Amino acid sequence: MRRDTYKHQGLRMQLIETLRLEGVRDEKVLEAMSKVPRHLFLEKAFEEWAYKNVAFPIGCDQTISQPLTVAIQSGLLEVKKGDKILEVGTGSGYQACILSLLGAKVYTIERQSALFEKTDNLLRELGFGAIRTFLGDGYAGLPMFAPFDKILVTAGATMLPETLLSQLAVGGYLVIPIGGDESQTMWRYTKLTEGDIKSEAFGKFKFVPFLKGTQ
Ligand code: SAH
């Protein structure tokens, strides 16, 4: 098992300062991010990239989201202790750990089996066994466990998936980037009542695509 050294902790505090300079004000999110050893989510050879504010390849053609993006998505969810949250796009598992430390009951779904296996093992090794991991197509959500207080999509969609909206509790948020290949707008949908949805936009981002089916 790789270690979390003082050097890593120092680099992590510098990353938190960078996020503050970028305008992140959510202290709970920053605290959670200061606790999770992000370098353990990257291959050892690329460890030095872990505490830069960049997205990075994690294998299987996927990326771990940029720290600023994780901070923004986590903040938009306004996580309360005990919230039941569905994350679509487990990837490295880093974002799921942040939500878990914020007090959420996390359900996360990944479509690629190789990535699913690797991340599932890592989460258990790191002591995040409470995060419930699923291999499947995120477009279907997890009907067995719905409704969710919050749903977070960490891959770029081309349209709003109605299935996910239907699995959201009244009062809940769905945070999802929607757009084309080049960039997506971060949207937060609030389910005010079963038939009444409020939408808010939060700027441009670049995600890997939200693909249909499993692999
Ligand atoms: N949250 C991740 C970021 C992952 S990148 C992290 O913290 O590292 C987006 C992930 O979404 C990729 O792993 C990709 O395989 C996955 N993905 C894309 N389409 C999907 C779908 N339909 N269902 C589930 N996962 C999907």
Side-chain angles (χ1 to χ4, degrees), residues 15 19 29 32-33 35-43 46-47 49-77 79 85-102 104 106-123 126 128 131-143 145-146 148 150-165 167 174-181 183-184 186 205-215:
L15 172 63
L19 295 175
V29 168
M33 291 183 73
K35 286 186 183 154
V36 180
R38 192 170 184 270
H39 63 284
L40 300 181
F41 296 78
L42 302 184
E43 297 298 334
F46 303 120
E47 245 186 53
W49 289 89
Y51 298 109
K52 299 183 198 294
N53 185 24
V54 292
F56 202 80
I58 50 170
C60 305
D61 246 359
Q62 299 306 323
T63 58
I64 180 171
S65 299
Q66 184 185 0
L68 181 60
T69 303
V70 172
I72 291 173
Q73 288 201 305
S74 304
L76 287 176
L77 289 173
V79 182
I85 302 189
L86 170 64
E87 180 198 25
V88 176
T90 313
S92 70
Y94 177 75
Q95 171 75 72
C97 291
I98 301 299
L99 298 178
S100 180
L101 281 188
L102 286 169
V106 183
Y107 296 70
T108 182
I109 180 163
E110 171 57 52
R111 67 181 287 276
Q112 291 206 40
S113 56
L115 198 51
F116 168 83
E117 291 289 338
K118 185 171 148 194
T119 299
D120 186 51
N121 288 332
L122 179 69
L123 291 178
L126 295 180
F128 285 95
I131 295 175
R132 303 180 69 165
T133 57
F134 299 82
L135 174 63
D137 181 0
Y139 274 99
L142 288 176
F145 298 94
F148 295 95
K150 317 272 164 73
I151 299 179
L152 173 64
V153 178
T154 67
T158 51
M159 40 106 202
L160 174 62
E162 289 295 331
T163 315
L164 294 183
L165 208 48
Q167 291 180 22
L174 165 61
V175 171
I176 179 170
I178 303 181
D181 292 346
S183 75
Q184 302 89 29
M186 189 70 74
F205 292 80
K206 172 116 178 78
F207 284 84
V208 296
F210 187 12
L211 299 171
K212 292 228 158 84
T214 54
Q215 183 181 313

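Atoms within a ligand are numbered from 1 in the order they appear, just like the ligands themselves. Quick note: numbers below take in every heavy atom, side chains included, and nothing from hydrogens, waters or symmetry partners. Not measured: the values here are computed from a predicted model.
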Can you tell me if Q95 uses its side chain to pair, donor with acceptor, with the backbone of I64 under 3.5 Å?
no
For D137, enumerate each residue passing the salt bridge (Lys or Arg N to Asp or Glu O under 4.0 Å) test, keeping only those at least two apart in sequence or located in another chain.
none
Could you list each N/O atom of ligand 1 together with any protein N/O atom closer than 3.5 Å, one pair per line with the distance?
{"residue": "ligand 1", "atom": "1 (N)", "partner": "E87", "partner atom": "OE2", "Å": "2.8"}
{"residue": "ligand 1", "atom": "1 (N)", "partner": "G89", "partner atom": "O", "Å": "2.9"}
{"residue": "ligand 1", "atom": "1 (N)", "partner": "T154", "partner atom": "OG1", "Å": "3.1"}
{"residue": "ligand 1", "atom": "7 (O)", "partner": "Q95", "partner atom": "N", "Å": "3.1"}
{"residue": "ligand 1", "atom": "8 (O)", "partner": "S92", "partner atom": "N", "Å": "3.1"}
{"residue": "ligand 1", "atom": "8 (O)", "partner": "S92", "partner atom": "OG", "Å": "2.6"}
{"residue": "ligand 1", "atom": "13 (O)", "partner": "E110", "partner atom": "OE1", "Å": "2.7"}
{"residue": "ligand 1", "atom": "13 (O)", "partner": "E110", "partner atom": "OE2", "Å": "3.4"}
{"residue": "ligand 1", "atom": "15 (O)", "partner": "E110", "partner atom": "OE2", "Å": "2.6"}
{"residue": "ligand 1", "atom": "19 (N)", "partner": "L211", "partner atom": "N", "Å": "3.0"}
{"residue": "ligand 1", "atom": "22 (N)", "partner": "D137", "partner atom": "OD1", "Å": "2.9"}
{"residue": "ligand 1", "atom": "22 (N)", "partner": "L211", "partner atom": "O", "Å": "2.5"}
{"residue": "ligand 1", "atom": "23 (N)", "partner": "G138", "partner atom": "N", "Å": "2.7"}
{"residue": "ligand 1", "atom": "25 (N)", "partner": "R111", "partner atom": "N", "Å": "3.3"}

For F148 and Y107, take the angle between the two ring planes, folded into 0 to 90°, and tell me which bin it lands in: parallel under 30, tilted 30 to 60, perpendicular over 60.
perpendicular
Does N53 use its side chain to pair, donor to acceptor, with the backbone of L68 at less than 3.5 Å?
yes
Tell me which donor-acceptor pairs under 3.5 Å the side chains of residues 150-162 have, and how far apart each pair is, sequence neighbours excluded?
{"residue": "K150", "atom": "NZ", "partner": "L77", "partner atom": "O", "Å": "2.9"}
{"residue": "K150", "atom": "NZ", "partner": "E78", "partner atom": "O", "Å": "2.9"}
{"residue": "K150", "atom": "NZ", "partner": "D83", "partner atom": "OD2", "Å": "2.5"}
{"residue": "T154", "atom": "OG1", "partner": "V88", "partner atom": "O", "Å": "3.1"}
{"residue": "T154", "atom": "OG1", "partner": "G89", "partner atom": "O", "Å": "2.8"}

Partners meeting salt bridge (Lys or Arg N to Asp or Glu O under 4.0 Å) with E47 (sequence neighbours left out)
R2, K44
